[in-house]
Structures are given as structure tokens and as C-alpha cells.
Amino acid sequence: MKSFLYNLNKTDVDIFFPKERIKKKIQIIKVLLEFIRFFLLVSNRSPIERNDIEIPYAELIIDKRSRIFFFSEKKYYTIHFPFSCSKQDDDSLEITYQGYRNIIPIESVIISKVMEILNDEQFNSVSALDFIEPIDKIESEIDYIWELLKGLLMFEDGYVRFDNDPEEYNRAKDKGGEHIHPENHIDVFYNNGNTFKLGLKGRLTPDEFIDYFDSETNCKYLKRFDEK
């Protein structure tokens, strides 16, 4: 297992913890690409040692179930990292994506081109011909752009979020619904039609949150809020 840790500055927090919560797959893809941009391509983004961590920070864990974890004061969330990461002879890091036919290197130009497609209004068109136009245009420059974009649109992102939310909890408690919106809870999925909460007895530490996703450690168990 490889782990890379980065403290986040205000600009990073604005990107990875937007004011409006994540609700769409395209937002997940943009988070992935923005993370790779600073992880791989910005010269002053050196990984930090664990004893130098300060919230907010991000941790990339590379193993059989690779994930990125983002931590702020009251919110943590994690998504699957569908790329491979390897260290080169000059100690630089290379990020690649295993497509259907090609191993695709994730470099500055391809990040910019995918972001260009996602931000193009035609990408949201109800017409298939309009949808494909910006992709077709860029594919003439990068022949595997559709292979990468299709893979990112279809991959299972595994989004899970932890919230410490005393404000909403107190509002719910005042209405007699303290177990409808627990102060500390896990949100699974992000789409309104799928998302659900799991209440927690107390606040999680970042390490406890990461441990939830470690298949080599003991499982956590659920029980009813009124059980002792």
C-alpha cells in the first residue's frame, strides 16, 4: 500500500469542499481531475509526513481498492481512485488509466481537454449529435480521449461522506426528530434518489473513517439507536 498526504490551502478547500454538496457524477470526475492536477503537476505539492498533517488535508491511498480521502473540520468524504500510480526512475510519479484497449497516461494536456469537454454546454445537450461534437473535435487531437471519458462516466465512484452537523441536528431535535438527522452521521451516495444516512454515536477521527474502507481490518457493525 502507498499513501500520499497533502495539506490543503483555501483554494484547494474551495475546489474539494464546494458550498453546494456533490450531487452529480460530473462533479466527482472534476474532483478526480483537479486532485491529479495538483498531486502530479504542481511543483510545490510535495507529500507531507503524517505527523505534519493539519486539517484540512487529503490522503491518496493506492492499493487493491485505491481511494482519495478529503478531510475538513466537519466533513470527510472519499471516492474511488480509478487510476494507477507508479514511481519512475527519476522519482517522479506517473498516473495512468487502464482503458478498454489502451493504458492512458494522465498528463496536463489530457486533464485540460477532459475538463474542456465537461464544461462545454454541448456536453449537456439532449441531442446525441450535439453531445458528441466537442468530444469529436478533441478526439482529432487526442485519439483516446473518448476511451478515458467513457470510462470515467461509467466507473463506480464509491462516494461516502461523514458529517458532524450540530446545527441540523439541533433543528431536528427541537422538532422531536433527533434520530432523523443525527449530529454525527455517514451519508452514502450523493444523488437524492439514492442517498441515505447512518447515524453514529460519536464523531469519527480521520483514521477511523479510513479504517471503514480497509478490508484487512475488523468490520464495523450496525445496531439500532435504542439498543444498549
Side-chain angles (χ1 to χ4, degrees), residues 1-42 44-50 52-87 92-98 104-108 110-112 114-115 118 148-149 151-164 186-191 195 204-217:
M1 182 185 80
K2 292 178 285 188
S3 178
F4 304 90
L5 296 105
Y6 297 88
N7 284 326
L8 301 178
N9 61 32
K10 185 181 184 305
T11 300
D12 303 327
V13 170
D14 289 342
I15 293 171
F16 299 126
F17 292 93
K19 291 180 181 179
E20 294 186 2
R21 69 175 178 84
I22 291 173
K23 297 179 181 179
K24 298 179 180 179
K25 183 65 164 289
I26 287 179
Q27 292 173 276
I28 295 288
I29 297 172
K30 288 181 177 180
V31 165
L32 282 170
L33 296 178
E34 291 290 359
F35 178 79
I36 293 174
R37 197 196 297 275
F38 93 57
F39 169 72
L40 191 58
L41 304 173
V42 182
N44 63 355
R45 297 288 184 177
S46 300
I48 59 174
E49 297 298 325
R50 189 165 295 277
D52 293 326
I53 291 171
E54 294 180 4
I55 286 179
Y57 73 94
E59 181 166 0
L60 170 62
I61 295 177
I62 301 291
D63 62 8
K64 292 185 295 183
R65 297 177 177 84
S66 297
R67 282 185 166 270
I68 311 173
F69 294 84
F70 297 98
F71 299 100
S72 70
E73 190 62 39
K74 292 190 174 184
K75 293 183 185 293
Y76 317 151
Y77 74 95
T78 179
I79 52 179
H80 173 50
F81 188 75
F83 304 97
S84 297
C85 177
S86 59
K87 183 173 285 190
S92 64
L93 295 171
E94 181 183 56
I95 302 289
T96 58
Y97 179 80
Q98 178 61 64
I104 302 169
I106 308 301
E107 300 171 340
S108 178
I110 197 167
I111 292 173
S112 296
V114 173
M115 293 290 277
L118 296 177
L148 172 62
L149 181 56
L152 292 177
L153 288 169
M154 297 178 67
F155 93 105
E156 187 174 347
D157 51 70
Y159 175 89
V160 181
R161 185 178 79 246
F162 163 76
D163 276 354
N164 168 251
I186 296 285
D187 285 300
V188 183
F189 308 131
Y190 46 83
N191 182 277
T195 187
L204 292 179
T205 67
D207 286 345
E208 287 173 331
F209 185 65
I210 289 175
D211 185 62
Y212 276 29
F213 304 91
D214 189 341
S215 62
E216 302 300 319
T217 61

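Keep in mind that what you see is a predicted model, and the values were worked out from it rather than measured.
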>> Before you tell me yes or no, could you show the steps for E59 and R50 under salt bridge (Lys or Arg N to Asp or Glu O under 4.0 Å), namely the whole-Å CA-CA distance, both residues' side-chain angles and the distance that decides it to 0.1 Å?
In response: CA-CA 10 Å; E59 181 166 0; R50 189 165 295 277; 2.7 Å; yes
> Do Y212 and T78 pass the side chain to side chain contact (heavy atoms under 4.5 Å, CB included) test, and can you show the C-alpha distance, the side-chain angles, and the key distance before you say yes or no?
Replying inline: CA-CA 11 Å; Y212 276 29; T78 179; over 6 Å; no
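- Between F39 and I95, some side-chain heavy-atom pair lies under the 4.5 Å cut-off.
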>> Go through it in stages, so that I can follow the logic: the residues are T195 and Y159, the test is side chain to side chain contact (heavy atoms under 4.5 Å, CB included), and I'd like the CA-CA distance, side-chain angles, deciding distance and then a yes or no.
In response: CA-CA 10 Å; T195 187; Y159 175 89; over 6 Å; no
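- Using cut-offs of 30° and 60° on the angle between ring planes, the pair Y76 and F162 is tilted.
- The main-chain N or O of G158 is found under 3.5 Å from a side-chain atom of R67 such that the two form a donor-acceptor pair.
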>> side chain to side chain contact (heavy atoms under 4.5 Å, CB included) for F70 and V31? Distances and angles first, verdict last.
In response: CA-CA 11 Å; F70 297 98; V31 165; 3.8 Å; yes
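- With rounding to the nearest 0.5 angstrom, the CZ atom of F16 is 6.5 Å from the CG atom of L8.
- The shortest heavy-atom contact between I111 and R37 is CG2-NH2, 3.6 Å.
- Between I106 and I110, the closest heavy-atom pair is CA-CG2, 3.8 Å.
- When all heavy atoms of I61 and S3 are compared, the pair lying nearest together is CG1-OG, 4.2 Å.
- Once rounded to the nearest 0.5 Å, the distance linking CE of M115 with CD1 of I26 reads 11.0 Å.
- The minimum heavy-atom distance between R21 and Q27, with the atom names listed, is O-NE2, 3.9 Å.
- Using a 4.5 Å cut-off on side-chain heavy atoms (C-beta onward), F35 and L60 make contact.
- Without hydrogens or angle criteria, D14 side chain to T11 main chain gives no donor-acceptor distance under 3.5 Å.
- Counting only heavy atoms from C-beta outward, the side chains of L152 and F83 approach each other to under 4.5 Å.
- For K25 and Y190, the positive end is not near the middle of the six-membered ring at less than 6.0 Å and at most 45° from its axis.
- For the pair S72 and I55, the tightest heavy-atom approach, listed with the atom from each and the gap, is C-CG2, 3.4 Å.
- For an aromatic pair to be called close, the ring centres must be under 6.0 Å apart, and F69 with F213 satisfies this.
- Residues N164 and L204 form no side-chain contact, since every pair of their non-hydrogen atoms from C-beta on lies 4.5 Å or further apart.
- Among the candidates I62, D214, D63, the single residue satisfying the side chain to side chain contact (heavy atoms under 4.5 Å, CB included) test with M1 is D63.
- Looking at D52 and L5, their side chains never come closer than 4.5 Å, going by heavy atoms from C-beta outward.
- Counting all heavy atoms, side chain and backbone alike, S86 lies closest to K2 at CA-NZ, 4.1 Å.
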>> Walk me through whether L32 and D157 qualify under side chain to side chain contact (heavy atoms under 4.5 Å, CB included).
In response: CA-CA 10 Å; L32 282 170; D157 51 70; over 6 Å; no
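- F71 has its side chain within reach of I210: a pair of non-hydrogen atoms, C-beta onward, lies under 4.5 Å apart.
- Side-chain contact between K24 and K30: absent, with no pair of heavy atoms (C-beta onward) separated by less than 4.5 Å.
- Taking CG from L153 and CD1 from I29, the interatomic distance works out to 4.5 Å, rounded to the nearest 0.5 Å.
- The aromatic ring centres of Y77 and F17 sit less than 6.0 Å apart.
- For the atom pair C85 SG and E94 CD, the distance stands at 9.0 Å (nearest 0.5 Å).
- Here CD of E216 is found 11.0 Å from CG of D211. Values are rounded to the nearest 0.5 Å.
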